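Note that the coordinates shown come from a computational prediction; the quantities given were computed from them, not determined experimentally.
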Amino acid sequence: MKKDGHTHTRFSHHGSQEPLDLYLERAIELGFTDYVVTEHAPLPEAFLATYTGPRSQDDDSAMLASELQAYKAEVARVKAKYGDQIRIHQGFEVDYLPGYEAETKAFLQENADWIDEIVLSVHFLENDSGLIGPIDYDPDQLKRFFPMELQDPQALFNKYLTMVQQSIDFDTGLSTPVRIGHITLIRKFQKYFDFPDFDLENQQKITAILTSILEKGYELDVNAAGLRKEFCGESYPDAKILRQAVALQVPMIYGSDAHTVADLGLSYDELAASVHLKS
Ligand SMILES: [Zn+2]
Ligand SMILES: [Zn+2]
């Protein structure tokens with residue numbers, strides 16, 4: 001099995017407008033046997049109503065609720081077209097948002113029959129003033145929302161890792177596989193801010209995260225995106241944490257997190273060589 005467990009489509013408005021057909025054709029060309037379409041699920045209405053971060057029709061990361069049926073139809077269309085060449089799995093990348101667990105769970109329940117797999121991720125954190133900010137948008141937004149936390153990056157890491165731990169503890173109510181997304185996304189702009197390595201306390205949080213993933217029967221997203229980000233230069237999580245996950249026998253699935261066709265399959269070979277990808 002060669003699987004890409006984390007991919008996007010034109011329904012994430014920050015991605016490319018390339019048709020899903022081109023993604024599938026590229027994945028087939030690269031020898032992938034399994035492909036999970038995991039577009040960002042619509043964010044809860046109540047969350048959007050209070051969110052003050054950057055968003056517009058063009059830069060919203062998540063699909064709109066009004067686009068849900070079109071997304072499903074698009075996945076059905078490519079399944080019919082390419083299903084004899086590659087196994088296409090239906091999924092979402094779902095945001096874990098503290099305080100919105102009920103809405104998130106309701107969405108998952110409503111779509112449970114459709115969902116094959118999900119990636120559960122943290123992209124937003126609450127700052128010291130109670131505002132919710134995106135941590136992966138750009139360095140300016142990270143600075144705008146988290147100036148206090150940036151003065152002590154370990155506190156920022158701690159905040160993110162705490163949310164990742166909470167996401168694992170969140171009861172999705174699904175019986176389908178759950179993969180925990182890019183657990184070290186908070187390091188996306190690490191070169192820009194000259195972030196230090198994780199301190200001992202944060203390393204312990206990561207160990208707890210890996211152990212919880214294992215205990216829950218979940219999987220770890222071995223996410224290649226950071227390797228191609230100018231200010232990151234490492235996978236989420238990095239090679240050292242991946243070695244720890246291997247030692248703990250945490251099930252791992254490669255995720256290109258492709259937002260354009262050109263991202264597909266990047267760094268697959270080096271990541272597959274360093275971890276035992278689940279087959
Ligand atoms: Zn993500
Ligand atoms: Zn993603």
Between Q90 and K79, a side-chain donor and acceptor under 3.5 Å: yes
Lys NZ or Arg CZ of K191 over F231 ring: under 6.0 Å, within 45°: no
Centroid-centroid distance, F124 to F47, less than 6.0 Å: yes
Evaluation steps, salt bridge (charged side-chain N to carboxylate O under 4.0 Å, His left out), between D169 and K216: CA-CA 9 Å; D169 300 337; K216 272 260 193 158; over 6 Å; no
Sidechain-backbone polar pair: E219 side chain, I253 backbone, donor-acceptor under 3.5 Å: no
No-hydrogen, no-angle side-chain donor-acceptor test under 3.5 Å, T38 and E117: no
Side-chain donor-acceptor pair present, Q165, S212, cut-off under 3.5 Å: yes
Partners passing side-chain hydrogen bond (donor to acceptor under 3.5 Å, both in side chains) against R87 (at least two apart in sequence or in another chain): D34
pair L185-I135: side-chain heavy atoms closer than 4.5 Å: yes
D4 versus S256, side-chain donor and acceptor atoms under 3.5 Å: yes
Side-chain (S235) to main-chain (P237) donor-acceptor, under 3.5 angstrom: yes
Between side-chain atoms of residues 91-101 and protein atoms elsewhere (two or more places apart, or another chain), which donor-acceptor pairs fall under 3.5 Å?
residue	atom	partner	partner atom	Å
E93	OE1	H6	NE2	3.0
E93	OE1	H8	NE2	3.0
E93	OE2	S121	OG	2.7
E93	OE2	H123	NE2	3.2
E93	OE2	H182	NE2	3.2
D95	OD1	H123	ND1	2.8
Y96	OH	E101	OE2	2.6
Y96	OH	Q166	OE1	2.9
Y100	OH	T50	OG1	3.3
E101	OE1	G99	N	2.8

Hydrophobic cluster membership, I28 vs L20, 4.5 Å side-chain cutoff: yes
side-chain contact (heavy atoms from CB on, under 4.5 Å) against K205, all qualifying residues, sequence neighbours excluded: N158, L161, T162, N202
Connected via hydrophobic side-chain network under 4.5 Å: F11 and V78: yes
N/O donor-acceptor pair under 3.5 Å between Y160 side chain and V122 backbone: yes
Minimal non-hydrogen separation, L266 against R228, with atom names: CD1-CD, 3.8 Å
Heavy-atom closest contact (G181 atom, V119 atom, distance): CA-CG1, 3.7 Å
Minimum heavy-atom distance D199-Q154, with the two atoms named: N-OE1, 3.0 Å
Under 3.5 Å: donor-acceptor pair, side chain of D238, backbone of I241: yes
Side chain proximity check, W114 to L68, heavy atoms < 4.5 angstrom: no
Side-chain ion pair, D128 and K159, N-O less than 4.0 Å: yes
T184 side-chain N/O to Y236 backbone N/O, donor-acceptor pair under 3.5 Å: no
Heavy-atom donor-acceptor pair, E67 side chain to L64 backbone, under 3.5 Å: yes
Test item: D116 and T176 side chains (from C-beta on) under 4.5 Å apart, heavy atoms: no
L142 vs D136 side-chain heavy atoms within contact, under 4.5 Å: no
Side-chain (Y23) to main-chain (H259) donor-acceptor, under 3.5 angstrom: yes
Lys/Arg N to Asp/Glu carboxylate O, R10 vs E18, below 4.0 Å: no
Geometric cation-pi criterion R187 and F195, 6.0 Å radius, 45° cone: no
Linked, directly or transitively: M63 and V37 (ILVMFWY side chains, under 4.5 Å): yes
